[in-house]
Amino acid sequence: MPRFTAPLLAPPSSEGELRARAATIAGRTLGEIASGLGLTVPSSLVRAKGWVGQLVERALGASSASRDCPDFAELGIELKTVPVDGRGRPVESTFVCTIPLRELCEVPWEQSRVRRKLDRVLWVPVQGEHGVAIAERRIGTALLWRPDEEQEALLRFDWEELSGTIGRGGIESLTAHLGRHLQVRPKAAHSRVRRRAMDAEGELSQTMPRGFYLRATFTAEILRRHYALPG
DNA sequence: GATTGATCATAC
DNA sequence: GTATGATCAATC
């Protein structure tokens with residue numbers, strides 16, 4: 001029996017419309033949203049790690065499978081769902097973008113993928129506690145954010161240090177321990193995936209694909225300020 | 001309990 | 001295979 005699947009929602013035509021749509025899903029459960037879209041809720045996220053993000057994309061009318069442009073391309077807004085605990089604090093880091101391992105040294109911060117991705121973000125908190133069934137998890141109030149001067153300076157500092165190391169061929173020396181707010185971690189389907197990179201001797205080498213991630217502490221501060229959550 | 005390194009699904 | 005969406009699970 002074919003299951004009803006709702007047609008794709010057209011992208012919001014304005015920031016106001018996007019805010020309004022976000023307000024309509026706030027407080028609702030993932031099960032309710034999925035049901036409205038004709039989608040089945042997975043019993044676990046082990047084999048559906050991106051499911052929550054994709055559900056909210058559809059619910060808000062994000063342009064799907066957009067390559068190298070924001071989720072809401074016309075509005076220049078990126079969508080990020082963030083799993084939070086009972087106190088509203090993020091329980092996971094947030095993936096920002098993959099790292100172009102060979103061209104990084106030539107790009108200034110202003111033109112970096114990190115800055116472009118984070119220029120304007122609609123954060124959608126979603127209950128992420130493991131004790132709560134996926135379908136019962138509730139969506140929170142969205143926050144349309146742009147880094148303030150201080151936040152941008154913090155991100156820029158980390159980015160310049162990390163990308164500088166990569167530009168000098170030091171990718172293999174980078175671990176997730178580095179970076180106060182922004183960190184570099186593997187980003188691949190599995191550990192055998194390899195990407196061309198430059199090593200410290202200037203020779204072409206093979207390494208694992210990496211991505212930039214925001215530490216949960218940084219995202220927590222964004223949410224804390226906006227929602228006046230306990231520090 | 002928090003963090004790091006590894007991993008999973010899907011579209012193209 | 002590359003790019004999107006992230007969370008898992010071993011380890012600190």
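In what follows, chains carry the letters A, B, and so on, assigned in the order in which the sequence lines appear, proteins first and then strands, with residues in each chain numbered from 1. Values below: all heavy atoms of this structure, side chains included; hydrogens, waters and symmetry mates excluded.
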#### Entry: Protein-nucleotide distance (A:Ile134, atom CD1; C:dA6, atom P), rounded to Å
15 Å
### Task
Send over the distance from A:Leu39 CG to C:dG5 P, rounded to a whole Å.
18 Å
## Note on the structure
So, with a heavy-atom separation below 4.0 Å from DNA chain C, the residues of residues 78-85 of chain A are A:Glu78, A:Lys80, A:Thr81, A:Pro83
### Message
Give me each pair satisfying side chain to side chain donor-acceptor pair (under 3.5 Å) with a member in residues 184-200 of chain A, each pair once, sequence neighbours excluded.
### Response
A:Ser93-A:Arg185, A:Gln183-A:Arg185
### Task
Scan for salt bridge (Lys or Arg N to Asp or Glu O under 4.0 Å) pairs involving residues 205-215 of chain A, sequence neighbours excluded, and state none if there are none.
A:Glu172-A:Arg210
### Message
I want to verify a distance call: between C:dA3, C:dA6, C:dT4, whose nearest atom is closest to the A:Arg195 side chain?
### Response
C:dA3
### Task
Report whether A:Val91 and A:Val52 are members of the same hydrophobic cluster (ILVMFWY, side-chain heavy atoms less than 4.5 Å apart, transitive linking).
no
### Message
I need the full list of ring pair (Phe, Tyr, Trp, His ring centres under 6.0 Å) pairs touching residues 165-186 of chain A, with sequence neighbours left out, sorted by first then second residue.
### Response
A:His181-A:Phe218
### Query
A:Glu110: what forms a salt bridge (charged side-chain N to carboxylate O under 4.0 Å, His left out) with it, not counting sequence neighbours?
A:Arg156
Quick one: side chains of residues 43-51 of chain A, donor-acceptor pairs under 3.5 Å with protein atoms, not counting sequence neighbours, listed by atom name and distance.
| from | atom 1 | to | atom 2 | distance (Å) |
| --- | --- | --- | --- | --- |
| A:Ser44 | OG | A:Val46 | N | 3.0 |

### Message
Side chains of A:Trp145 and A:Glu78: any donor to acceptor distance under 3.5 Å?
### Response
no
#### Entry: Contacts of type salt bridge (charged side-chain N to carboxylate O under 4.0 Å, His left out), residue A:Arg19, not counting sequence neighbours
A:Glu15
### Task
For A:Val193 and for A:Val52, locate the closest nucleotide of DNA chain C by heavy-atom distance; then report the residue assigned to the nucleotide nearer the 5' terminus.
A:Val193
### Task
Identify whether any heavy atom of A:Arg210 sits under 4.0 Å from a base atom; if not, whether one sits that close to sugar-phosphate; answer base, sugar-phosphate or nothing.
nothing
### Message
Within the 4.0 Å limit for protein heavy atoms, which parts of nucleotides 2-9 of chain B are touched? Write it as a string from 5' to 3', B for base, S for sugar-phosphate only, - for none.
### Response
--BBBBBS
### Message
Without decimals, in angstroms, what is the distance between A:Leu122 CG and C:dG5 P?
### Response
13 Å
### Query
Atom CD of A:Glu57 and atom C1' of C:dA3: how far apart are they, to the nearest Å?
12 Å
### Task
Using the test salt bridge (charged side-chain N to carboxylate O under 4.0 Å, His left out), find all partners of A:Arg21 that sit at least two apart in sequence or belong to another chain.
A:Glu17
### Hydrophobic cluster partners of A:Leu9 (side-chain heavy atoms under 4.5 Å)
none
### Task
State, to the nearest 10°, the angle formed by the axis through the first five base pairs of the helix from B:dG1-C:dC12 to B:dC12-C:dG1 and the axis through its last five.
20°
### Task
Could you tell me which residues satisfy salt bridge (charged side-chain N to carboxylate O under 4.0 Å, His left out) with A:Asp148, sequence neighbours excluded, listed by chain and number?
A:Arg225
### Task
May I have the distance from A:Leu45 (atom CG) to C:dA9 (atom C1'), rounded to whole angstrom?
14 Å
